[in-house]
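Below is one structure, written out as structure tokens; comments come after it.
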There are 2 protein chains.
Amino acid sequence: MRWSSFFQTASKAFHQSPSWSKVLVVCTVSGGGLVAYADAGAAQSANGGDRCLKKKKVVVVGTGWAATSFVKNFKNPSYDVEVVSPRNYFAFTPLLPSVTIGTVESRSIVEPIRRIIRKKNVSMQFTQAECYKIDAKNRKVYCRSPEDSKNGKREFSIDYDYLVLAMGARSNTFNTPGVEEHTHFLKEVEDAQRIRRKVIELFEKASLPCVPEEEKKKLLHFVVVGGGPTGVEFAAELHDHVHHDLYKLYPSAKEYLKITLLEAGDHILNMFDKRITEFAEDKFKRDGIDVKLGSMVVKVAETEISTKERGSGKLVSLPYGMVVWSTGIGPRPEAVQFMKDIGQGIRRAISTDEWLRVEGTDNIYALGDCATVNQRSVMEDIGVIFSKADKDNVGKLDLDHFQEVVGDIIERYPQVDLYLKKKQMRNILALLKNPQNNNALVDIETFKSCLAEVDSQMKNLPATAQVAAQQGQYLADCFNRMEECEKYPEGPLRFRGIGRHRFRPFRYKHLGQFAPLGGEQAAAQLPGDWVSIGQSTQWLWYSVYASKQVSWRTRYLVVTDWGRRFIFGNDSSGI
Amino acid sequence: MRWSSFFQTASKAFHQSPSWSKVLVVCTVSGGGLVAYADAGAAQSANGGDRCLKKKKVVVVGTGWAATSFVKNFKNPSYDVEVVSPRNYFAFTPLLPSVTIGTVESRSIVEPIRRIIRKKNVSMQFTQAECYKIDAKNRKVYCRSPEDSKNGKREFSIDYDYLVLAMGARSNTFNTPGVEEHTHFLKEVEDAQRIRRKVIELFEKASLPCVPEEEKKKLLHFVVVGGGPTGVEFAAELHDHVHHDLYKLYPSAKEYLKITLLEAGDHILNMFDKRITEFAEDKFKRDGIDVKLGSMVVKVAETEISTKERGSGKLVSLPYGMVVWSTGIGPRPEAVQFMKDIGQGIRRAISTDEWLRVEGTDNIYALGDCATVNQRSVMEDIGVIFSKADKDNVGKLDLDHFQEVVGDIIERYPQVDLYLKKKQMRNILALLKNPQNNNALVDIETFKSCLAEVDSQMKNLPATAQVAAQQGQYLADCFNRMEECEKYPEGPLRFRGIGRHRFRPFRYKHLGQFAPLGGEQAAAQLPGDWVSIGQSTQWLWYSVYASKQVSWRTRYLVVTDWGRRFIFGNDSSGI
């Protein structure tokens with residue numbers, strides 16, 4: 001009775017006063033975490049209605065990692081923010097491979113963007129539409145609502161003062177014929193759902209009466225193209241799902257199943273440390289996943305995939321049941337058009353400066369997979385750096401004077417710092433003094449020759465969720481402190497201009513990268529080139545992925561999904 | 001440390017020995033229930049492979065309530081069972097309205113049929129295919145696998161010794177033009193998912209810039225056709241979802257939203273007690289759900305639904321955003337063809353006798369929504385009943401002799417019992433003795449006139465999950481005890497033949513019916529015409545629906561889904 005009356009009281013409190021604070025402590029065995037939820041029932045923000053705005057307007061295109069991180073961290077009430085995207089939710093994409101086999105529910109990894117932008121002080125609104133054209137000259141984006149047979153498409157334009165492009169990228173097919181038509185990508189939640197249904201469908205097809213052996217082998221041949229983290233994780237998860245769950249329900253499938261991983265390079269996971277690569281390749285070998293290295297896909301037909309071996313040039317055709325294509329990303333058509341319009345030409349991604357501003361524009365920013373930060377090389381600016389340091393304008397650099405701009409150089413050109421670290425030097429002066437330059441005065445030629453190799457340390461940032469999220473946060477911080485930094489600029493010296501940059505340039509901080517390998521084994525490359533492999537790394541993976549969730553809601557859902565899977569295994573219904 | 005080592009040990013135990021018994025006690029606050037899970041890790045049954053069978057073969061068509069209940073309870077190892085259905089899972093359909101708004105995840109209410117048929121002693125297999133033709137003469141069903149662009153359809157036939165038809169029904173459109181094309185049904189899990197996405201899509205469309213007021217009103221007009229339990233529950237759940245979740249995220253929608261419930265009859269929930277109907281209509285009025293009684297839908301166009309008012313014959317056109325059609329069921333095309341083939345003509349459902357055997361066949365059974373039990377009327381058999389009771393063959397009934405067959409009559413003709421109860425009589429003799437028949441001998445005419453009205457108590461069974469599940473269990477029990485009952489028949493006397501029926505006829509036991517009305521209010525009509533309305537009924541609903549789940553897995557999933565919803569509300573992402 002005491003319990004039941006507790007439930008009744010609790011239920012009343014929950015339902016009669018939904019705006020009360022709800023506090024629930026959920027002890028999750030699986031995640032091993034303590035999750036405390038407190039929702040202060042934030043009052044309704046005035047984010048609807050009135051569109052006659054006087055504040056400056058920031059339009060954000062996209063609801064992926066970069067855009068969501070941007071709007072989540074945006075706090076400046078002197079702007080109006082409008083988010084435009086064909087997807088009205090943020091998806092925690094690193095868990096997509098888990099969704100393909102049902103370890104995590106598709107809806108557990110998505111958070112409606114409208115929940116994220118519901119804020120007390122900042123007016124934010126969302127419009128579900130695809131942005132198909134950007135008119136930088138007239139500060140407009142052209143949008144159309146998603147197709148709908150009954151209500152048609154609606155086209156409209158939105159004016160902006162600042163534009164934040166974070167529309168992401170598309171899967172790169174490298175123009176391989178048949179890829180669009182016959183393979184499955186793994187970029188969107190819908191892709192993961194489709195893959196899930198397809199796997200079960202193939203197992204059912206192979207179990208029909210009177211299916212010849214050859215046909216069964218074909219149906220149950222799963223091909224993964226691309227040995228990056230996504231492809232590897234999908235292959236591993238599929239292997240686990242098949243062995244733990246599906247073989248029990250489809251015992252005859254055991255004889256016919258095959259998983260093949262095709263990688264054009266020399267190794268899978270080639271962005272990782274060699275130890276991880278080796279461990280993964282060994283593990284896959286033991287698991288019976290056929291890893292074909294140096295295999296370039298040249299064509300995908302309806303029932304066969306053709307590859308060319310790199311060394312021998314031999315052409316091989318493999319009959320398949322399903323192909324998952326995960327070979328990297330390319331620019332989306334609207335990004336290509338935009339790059340043409342602003343004169344960037346056809347590139348892999350939209351070029352920005354270190355402050356994430358699109359090169360050739362002054363009020364458009366680009367973040368995440370659609371963008372690439374174009375680092376400035378020291379050699380390009382060597383002359384202006386020298387003359388800025390040469391205060392007396394004598395054509396020789398006094399190292400004492402030079403010391404004043406050292407901090408700015410290192411901030412503006414991070415490759416200098418990386419180079420010094422690589423050479424195990426304490427500071428830039430050691431570089432200039434070395435090798436035999438004991439003279440306190442350095443001329444431009446010596447200066448050039450000393451710094452000649454620093455630009456070799458410039459690296460493009462990887463197209464990962466981590467980079468996108470950090471960029472979003474960085475840009476939001478810039479907007480949050482816009483007024484303050486206009487007055488008191490905090491960035492480095494402008495070598496090619498007067499004064500200082502308003503903000504410090506974006507600097508990516510690598511926190512490590514995971515590669516789950518199945519069988520409760522994972523590998524991780526942590527900062528400082530630390531490598532961790534094994535079951536403990538899998539637990540680290542669980543905790544990091546739980547902590548990185550965008551909301552307490554999805555955190556709770558994902559952790560309980562893991563718990564469900566722990567107890568009951570994965571589902572195999574064709575839903 | 002102690003906890004973490006517990007987790008590690010537990011995790012090891014779970015993963016290294018997946019076949020060990022797992023015992024988990026989960027205390028669910030939301031359901032208020034104690035769920036104990038014990039899976040003895042049933043050894044793999046030999047349900048694959050060899051199709052050269054010598055045992056008699058039972059083919060079951062369908063994976064709905066009736067079929068699943070049948071295979072779940074089937075225990076006789078002297079048969080081979082093959083289940084054929086285009087859906088490889090059982091869906092807990094009473095929770096479909098909850099899936100439409102995301103209270104419960106679609107995959108929480110489905111259980112793969114292959115898990116259900118995995119048994120230690122009985123060989124059962126599943127084939128994912130649609131049965132499109134039944135050849136009763138040659139004891140074959142013709143099947144085709146689901147369509148698939150790459151692998152084509154595969155057609156094949158399956159031989160049977162016994163056939164159990166439980167393919168369910170389709171939504172009945174009453175040939176109203178436009179219904180198939182423009183409305184949403186709510187029969188399958190996919191329907192619920194589609195409705196869910198459509199609701200969010202309409203809210204997003206109505207929030208686009210520059211949408212005129214009229215258009216917003218149209219987009220946010222949700223029409224539910226049919227005031228049965230499903231339609232009513234959907235309307236109520238939609239209302240709750242909109243008020244609790246969506247208004248927070250789409251504040252401008254408040255002014256435009258409308259929910260209309262169209263019912264052709266005089267009242268909604270007209271199969272329920274008057275008190276429930278009144279309560280529901282009042283509640284909907286308070287909630288602002290527009291209930292239009294006596295409204296017949298005559299046409300559904302792309303953006304308008306046309307109705308005719310019953311009294312006045314007035315035609316009304318309502319612009320709408322979405323129509324959910326839930327007006328009852330009709331026979332599926334393969335059932336129609338089968339009825340024609342066996343000479344039953346075109347009817348609402350396949351006719352069976354009280355032992356669920358299809359009339360006109362001797363080895364085909366039909367259960368659930370595709371079938372109707374054709375009760376035998378007393379008047380039809382009055383002559384043979386009389387002569388069976390008249391042992392001495394004197395043309396007069398000695399009531400002492402008659403007493404010997406009373407039990408059989410009541411078992412064979414349940415309407416007799418219902419009639420006696422209605423008349424508040426103790427037994428059938430009271431009926432014959434009454435009114436002035438003090439003579440111990442009764443002639444045929446008196447016998448006839450005394451029993452003249454009993455057949456008025458014959459009722460068709462409702463097309464509910466409850467009936468289907470009981471029928472499945474009944475038929476499985478018959479098969480389980482087939483050998484035993486062949487030897488020792490336990491059914492009533494054969495009035496038109498010699499000896500006894502093998503089995504007792506199927507008798508439906510009504511356990512009550514729920515109608516959830518939203519706002520944590522539900523109504524229930526319990527056996528004995530008890531009526532329960534209110535929040536406590538909603539809790540009863542939770543516990544009954546949790547207990548009726550087909551597996552511990554789905555029970556756990558559904559209960560934790562309710563818990564999730566309790567804490568975080570419903571999701572609104574367009575997935």
Side-chain angles (χ1 to χ4, degrees), chain A residues 4 7 11 14-15 18 22 24 29 32 37 44 47-49 51 87-89 102 105-107 110-112 114-115 118 127-129 145 148 150-151 154 156 158 189 200-201 204-205 207-210 219 244 248-249 251-252 302-303 520 553 556-557 560 564 566-568 571-575, chain B residues 4 7 14-15 18 22 24 29 32 37 44 48-49 51 87-89 102 105-107 110-112 114-115 118 127-129 145 148 150-151 154 156 158 189 200-201 204-205 207-211 219 244 248-252 302-303 520 553 556-557 560 564 566-568 571-575:
Chain A
S4 80
F7 291 141
S11 137
F14 270 45
H15 285 271
K22 298 175 193 171
L24 191 85
V29 175
Y37 169 73
Q44 193 55 52
N47 60 0
R51 291 195 173 221
R87 292 190 334 198
N88 74 350
Y89 54 85
E105 277 301 318
S106 51
R107 278 175 51 210
V110 305
E111 179 74 3
R114 286 176 184 272
R115 279 194 196 232
R118 203 155 45 115
T127 301
Q128 190 175 35
S145 68
D148 166 7
K150 277 190 194 176
N151 304 301
R154 189 173 280 277
F156 52 91
I158 302 174
V189 180
I200 302 297
E201 185 191 312
E204 288 293 352
K205 287 246 156 178
S207 308
L208 288 177
C210 339
L219 289 168
H244 295 167
K248 287 183 199 152
L249 303 179
S252 64
E302 213 172 4
T303 56
E520 293 291 310
R553 195 183 70 89
Y556 175 84
L557 297 183
T560 52
R564 289 168 169 199
F566 233 65
I567 308 171
F568 299 105
D571 177 30
S572 69
S573 46
I575 274 286
Chain B
S4 82
F7 291 141
F14 269 46
H15 285 271
K22 297 175 194 171
L24 191 85
V29 175
Y37 169 74
Q44 194 55 52
R51 291 195 173 221
R87 292 190 332 197
N88 74 350
Y89 54 85
E105 277 301 318
S106 51
R107 278 175 51 210
V110 305
E111 179 73 4
R114 286 177 185 270
R115 279 195 196 230
R118 203 153 46 114
T127 301
Q128 189 176 34
S145 68
D148 165 8
K150 277 191 193 176
N151 305 301
R154 189 174 281 277
F156 51 92
I158 302 174
V189 180
I200 301 297
E201 185 191 311
E204 288 292 354
K205 288 246 156 182
S207 307
L208 288 178
C210 341
V211 177
L219 290 168
H244 295 167
K248 286 184 199 153
L249 302 180
Y250 306 83
S252 64
E302 214 172 3
T303 56
E520 293 291 310
R553 196 183 70 89
Y556 174 83
L557 297 184
T560 52
R564 289 169 169 200
F566 234 63
I567 308 171
F568 299 105
D571 177 30
S572 69
S573 47
I575 273 287

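What you see is a predicted model; the values in this text were computed from it and never measured. Every chain is numbered from 1, with letters handed out A, B, ... down the list of sequences.
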The criterion is ring pair (Phe, Tyr, Trp, His ring centres under 6.0 Å); which residues satisfy it with Tyr250(B), sequence neighbours excluded? Phe203(B)
Highest number of heavy-atom pairs under 4.5 Å with chain B: which of Leu557(A), Val189(A), Val110(A)? Leu557(A)
Shortest non-hydrogen separation from Ser207(B) to Arg114(A) and the atoms involved: CB-NH2, 3.5 Å
Taking the side chain as every heavy atom from C-beta outward, state whether Thr560(B) and Thr560(A) have any pair of such atoms under 4.5 Å apart. no
What distance separates Arg564(A) CZ from Arg553(B) CZ, expressed to the nearest 0.5 Å? 9.5 Å
I need the Ser145(B) OG to Glu204(A) CD distance, nearest 0.5 Å. 11.0 Å
Could you have a look at Gln128(A), Arg107(A), Glu105(A) and say which one has the most heavy-atom pairs with chain B under 4.5 angstrom? Arg107(A)
